[in-house]
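Naming: A, B, ... by sequence-line order, numbering from 1 per chain.
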Amino acid sequence: MKSKELITHLFEACKDGRSVSQLHSQILKNGLISNSLFVTKLNSIYTKYSSLELARKLFDETPDRTVYLWNSILRSHCREKQWEVTLHLFNNMLSTTSTMSDKPDNFTVPIAIKACAGLLALRTGKTIHGLVKKNDKINSDMFVGSALVELYAKCGEMGDALGVFEEFPEPDVVLWTSMITGYQQNGNAEKALSFFSRMVMDEGLTPDRVTLVSVVSSCAQLMNLGAGKCVHGFTIKMGFDTDLSLVNSFLNLYAKTGSIRNARNLFEKMYEKDVISWSSMISCYAQNQKPDEALSLFNQMVEKRYDPNSVTLVSVLQACAAAGNVDEGRRIHELAKRKGCELDVSVSTALVDMYMKCSCIEKAVDLFKRMPQKDVVCWGAFISGYAQNGLANESLGIFRSMLSDGTRPDAVIMVKVLKACAELGILHQALCLHCYLVSSGFDDKVFVGAALIDLYSKCGNLENSIRVFEGMNQRDVVVWSSMIAGYGIHGFGSEAIRTFNRMIESSRVIPNDITFLSILSACSHTGLVEEGFKIFDEMVHKYQIEPTSEHYSVMVDLLGRTGKLDKAMEFISQKQVPSGAHVWGALLGACRIHQNVEMAEAVAKKLFRLDPDHAGYYVLLSNIYAVDGKWDSVAKIRNLVKEKGLKRTPGQSLIEVKSRLHTFSAADSSHPEFECISWLLRELEVKMREEGYVPDVDFMLHDV
DNA sequence: TTAGGGTTAG
């Protein structure tokens with residue numbers, strides 16, 4: 001008894017972590033280590049002061065273990081996310097001879113299940129679930145229920161999760177929240193919100209901070225800013241607005257929905273910030289076309305001694321890619337190496353993407369080859385990397401490698417492949433891919449439909465585009481824009497305008513800047529000047545969309561093509577257009593069509609200043625001179641290009657024969673059937689001349 | 001002694 005008093009006294013004196021080890025040595029000195037009651041009490045103190053090693057040592061030294069002691073050590077390992085150790089200990093617990101006092105109880109089971117969830121060990125989890133069902137007390141425990149729901153949700157088995165949930169006649173807020181979170185994390189935000197509504201409206205339960213986090217995440221997933229703002233109001237009313245996780249989830253909501261100002265305000269007013277807050281704000285800028293702000297925020301973060309994690313690096317890399325800032329990208333790469341996360345899947349994928357977008361193909365290839373494991377996402381970055389660098393055919397080759405590597409494609413990958421085919425204009429492959437999409441069920445995704453419409457129209461098969469378009473039961477702004485662009489490419493301007501009107505009148509879809517680009521270019525290709533200007537005006541005033549230099553160049557093209565060169569010039573100067581090279585390039589093209597040498601010279605002068613390394617503009621001017629017979633001017637430009645060391649990317653012709661792609665470029669005789677092809681061409685030329693064909697000499701390339 | 005939560009890559 002004397003020693004018990006001593007120990008009680010010591011426990012009371014133990015106010016913080018430092019005195020724990022003193023307490024420990026006192027216990028050892030007094031020979032109380034075998035007293036399991038005290039050991040247990042000491043163990044809980046160790047757990048509290050987070051010294052897992054000491055706690056574990058004590059546990060291992062104790063032969064006489066109560067459930068209380070087991071639970072304490074299991075929970076400690078679980079908190080440290082040591083899932084394997086936790087499960088291993090749990091198995092030890094099961095296999096040691098069980099008396100009534102050391103059997104796993106309703107406190108033990110949720111810990112073991114959580115470890116299964118952490119390892120995504122569905123099988124082991126199901127075995128434990130089987131054991132649970134035999135014990136009424138454990139089976140009806142709400143904590144056990146939540147843990148099971150979490151396990152099934154993490155493994156993507158929401159059906160099983162629902163089965164567990166429905167066994168409880170009166171689920172509490174935690175159990176409801178587990179279901180809501182489960183649906184949200186499995187990409188079913190609508191279901192998550194409907195469960196939330198049932199919980200609040202039907203059951204009259206009040207959500208807590210954790211529930212609200214999942215609800216806000218669901219709103220973000222659905223891009224529903226309005227609903228999210230309602231929840232924000234409620235949060236403030238409930239006094240939860242200082243909860244870091246919850247505020248971070250609002251930050252994410254504003255970031256995802258492009259509400260940069262809301263995000264920034266919230267971020268600046270935040271009572272406390274952590275890495276997640278900084279990462280979210282950086283990603284907000286990176287994903288909303290503000291890469292420079294993202295980079296500067298990252299530097300601020302580092303200055304303030306916050307430690308960026310791999311998620312932060314991924315977001316900054318995205319910003320580097322968007323800004324085309326390969327120097328900064330390399331710096332982040334070095335940082336990732338130093339932090340030892342260079343080869344994390346997400347980091348290396350972001351690096352591959354960044355290098356590809358900055359045209360450093362070799363760097364990207366090197367990294368890709370070194371990646372220890374490759375998933376769909378990184379294959380996707382690699383595939384579109386090639387396509388972005390003008391190597392669409394090679395990107396199809398990568399796709400084939402992916403398949404033979406045993407990686408199953410998903411809808412996003414398929415869209416990339418469709419885009420590559422569209423670039424190459426290969427119809428036969430398009431048809432095959434479409435079949436595959438139908439059989440795999442990817443074709444009901446809206447963005448896949450949009451890509452198909454684009455693909456068919458670029459392969460010259462507008463009928464199929466229309467068929468896909470009309471067959472869709474849901475159409476977003478991208479789908480409509482693709483269809484409008486399709487009509488435009490094929491020269492059906494008024495059909496494009498009709499579709500545009502149908503979109504606005506019958507489906508309440510709001511056109512965006514790209515929709516306008518498509519419709520304006522349709523007008524340009526069909527010579528619908530008046531209609532084009534009307535639509536341009538609507539864009540600016542009714543839809544409040546600020547025209548980009550691309551919009552301006554389409555307008556210049558529209559005027560220029562129809563011969564209104566002066567008006568085009570006037571349009572550029574009068575609108576105080578941000579005169580990017582595109583705009584003047586369009587005008588130079590128009591000068592070429594209408595052979596206006598004088599204006600061409602003036603325009604080219606501006607262009608050579610704006611974009612001095614663009615070989616295409618020199619070629620255009622040289623061709624204009626050539627048509628006019630000004631051969632000395634042609635020669636002058638030719639020398640200029642030589643001096644500057646500019647190279648034209650050679651044009652290529654592609655043809656698809658029996659689903660094999662054949663490519664040809666100027667003065668290229670490398671095709672195995674070159675002789676045969678040349679012979680056939682000569683035959684055709686003779687026949688064409690016999691039919692009265694006169695070649696257009698103007699277009700003979702006096703190439704530089 | 002328990003529990004459910006927030007940021008990322010194509």
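- Side-chain atoms of A:Val377 lie closest to B:dA9 of the nucleotides B:dT1, B:dA9, B:dA3.
- No contact: A:Asp344 has no heavy atom under 4.0 Å from any strand.
- Looking at heavy-atom distances under 4.0 Å, A:Ala350 makes no contact with the nucleic acid at all.
- Taking the side chain of A:Ile276 as heavy atoms from C-beta on, and the options B:dG10, B:dG4, B:dT7, the nearest nucleotide is B:dT7.
- When the nucleotides B:dG4, B:dA9, B:dG10 are ranked by their closest atom to the side chain of A:Val314, B:dA9 comes out on top.
- A side-chain hydrogen bond (donor to acceptor under 3.5 Å, both in side chains) with A:Ser384 is found for exactly one of A:Lys357, A:Lys419, A:Lys416, namely A:Lys416.
- For A:Glu203, the CD atom is densely surrounded, since the number of other residues' heavy atoms within 6.0 Å is greater than 12.
- Summarising the geometry, the separation between CD1 on A:Ile383 and P on B:dA9 is reported as 18 Å, rounded to the nearest angstrom.
- Among the heavy atoms of the strands, none lies under 4.0 Å from A:Leu351.
- Picking from B:dG5, B:dT8, B:dT1 the nucleotide with the shortest atom distance to the side chain of A:Ser283 gives B:dT8.
- In this structure, NZ of A:Lys339 is placed 15 Å from C1' of B:dT8, rounded to the nearest angstrom.
- A:Thr177 contributes a side-chain N or O that forms a donor-acceptor pair with the base of B:dG4 under 3.5 Å.
- Under 4.0 angstrom from either OP1 or OP2 of B:dG4 there lies no side-chain N or O belonging to A:Arg209.
- At the heavy-atom level, A:Thr211 lies under 4.0 Å from base atoms of the strands shown.
- Residue contacts for A:Ser146: at a heavy-atom cut-off of 4.0 Å it reaches no nucleic acid atom on any strand shown.
- In this structure, CD of A:Gln185 is placed 8 Å from C1' of B:dG5, rounded to the nearest angstrom.
- We find that CD of A:Gln318 is positioned 5 Å from P of B:dG10, with the value rounded to whole Å.
- The separation between A:Tyr68 atom OH and B:dT2 atom P is 9 Å, rounded to whole Å.
- Using a cut-off of 4.0 Å between Lys/Arg side-chain N and Asp/Glu carboxylate O, A:Glu328 and A:Arg331 are scored as salt-bridged.
- Atom CG in A:Asn71 sits about 10 Å away from atom P in B:dT2, given to the nearest Å.
- The side chain of A:Phe143 sits closest to B:dT2 out of B:dG5, B:dA9, B:dT2.
- Checked against B:dA3, B:dT8, B:dG10, the side chain of A:Ser315 finds its nearest nucleotide in B:dT8.
- For A:Lys357, the side-chain atoms get nearest to B:dG10 when compared with the rest of B:dG10, B:dA9, B:dG5.
- Ring centroids of A:Trp379 and A:Phe399 are separated by 6.0 Å or more, keeping the two rings apart.
- Among the nucleotides B:dG5, B:dT2, B:dG10, the one closest to the side chain of A:Arg75 is B:dT2.
- Looking at A:Ser280, its side chain has no donor and acceptor atom pair within 3.5 Å of the base of B:dT7.
- Contact annotation for A:Val173: base contact, defined as any heavy-atom pair under 4.0 Å involving a base atom.
- Residue ring and nucleobase are stacked for A:Phe107 and B:dT1, with a centre distance beneath 5.5 angstrom and an angle between planes beneath 30°.
- Spacing between atom CZ of A:Phe382 and atom C1' of B:dA9 amounts to 16 Å, rounded to whole angstrom units.
- With hydrogens and angles ignored, a donor-acceptor pair closer than 3.5 Å exists between the side chain of A:Asp410 and the base of B:dG10.
- Listed pair A:Lys256 / B:dT8 meets the phosphate criterion, a side-chain N or O lying under 4.0 Å from OP1 or OP2.
- If you look at A:Trp278 and A:Phe298, their ring centroids are not closer than 6.0 Å.
- Among the nucleotides B:dA3, B:dA9, B:dT7, the one closest to the side chain of A:Val311 is B:dT7.
- Aromatic ring centres of A:Phe165 and A:Phe195: separated by under 6.0 Å.
- Atom CZ in A:Phe267 sits about 12 Å away from atom C1' in B:dT7, given to the nearest Å.
- The shortest distance between the side-chain N/O atoms of A:Gln287 and the OP1/OP2 oxygens of B:dA9 is below 4.0 Å.
- Residue A:Asn252 has a polar side-chain atom (N or O) positioned under 4.0 Å from OP1 or OP2 of B:dT8.
- Looking at heavy-atom distances under 4.0 Å, A:Val415 makes no contact with the nucleic acid at all.
- Residue contacts shown for A:Ile180 are absent, as no nucleic acid heavy atom lies under 4.0 Å away.
- At the heavy-atom level, A:Ser72 lies nowhere under 4.0 Å from the strands shown.
- For A:Val213, taking side-chain heavy atoms from C-beta onward, the closest of the listed nucleotides B:dG4, B:dG10, B:dG5 is B:dG5.
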One pair to check against side chain to side chain contact (heavy atoms under 4.5 Å, CB included): A:Tyr254 and A:Lys229. What are the steps and the verdict? CA-CA 9 Å; A:Tyr254 296 132; A:Lys229 280 190 168 171; 3.9 Å; yes
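- Two rings, from A:Trp70 and A:Phe59, have their centers less than 6.0 Å apart.
- Within 4.0 Å of A:Asp141, counting heavy atoms only, lies no atom of the nucleic acid at all.
- In terms of phosphate contacts, A:Lys114 brings no side-chain nitrogen or oxygen within less than 4.0 Å of OP1 or OP2 of B:dT2.
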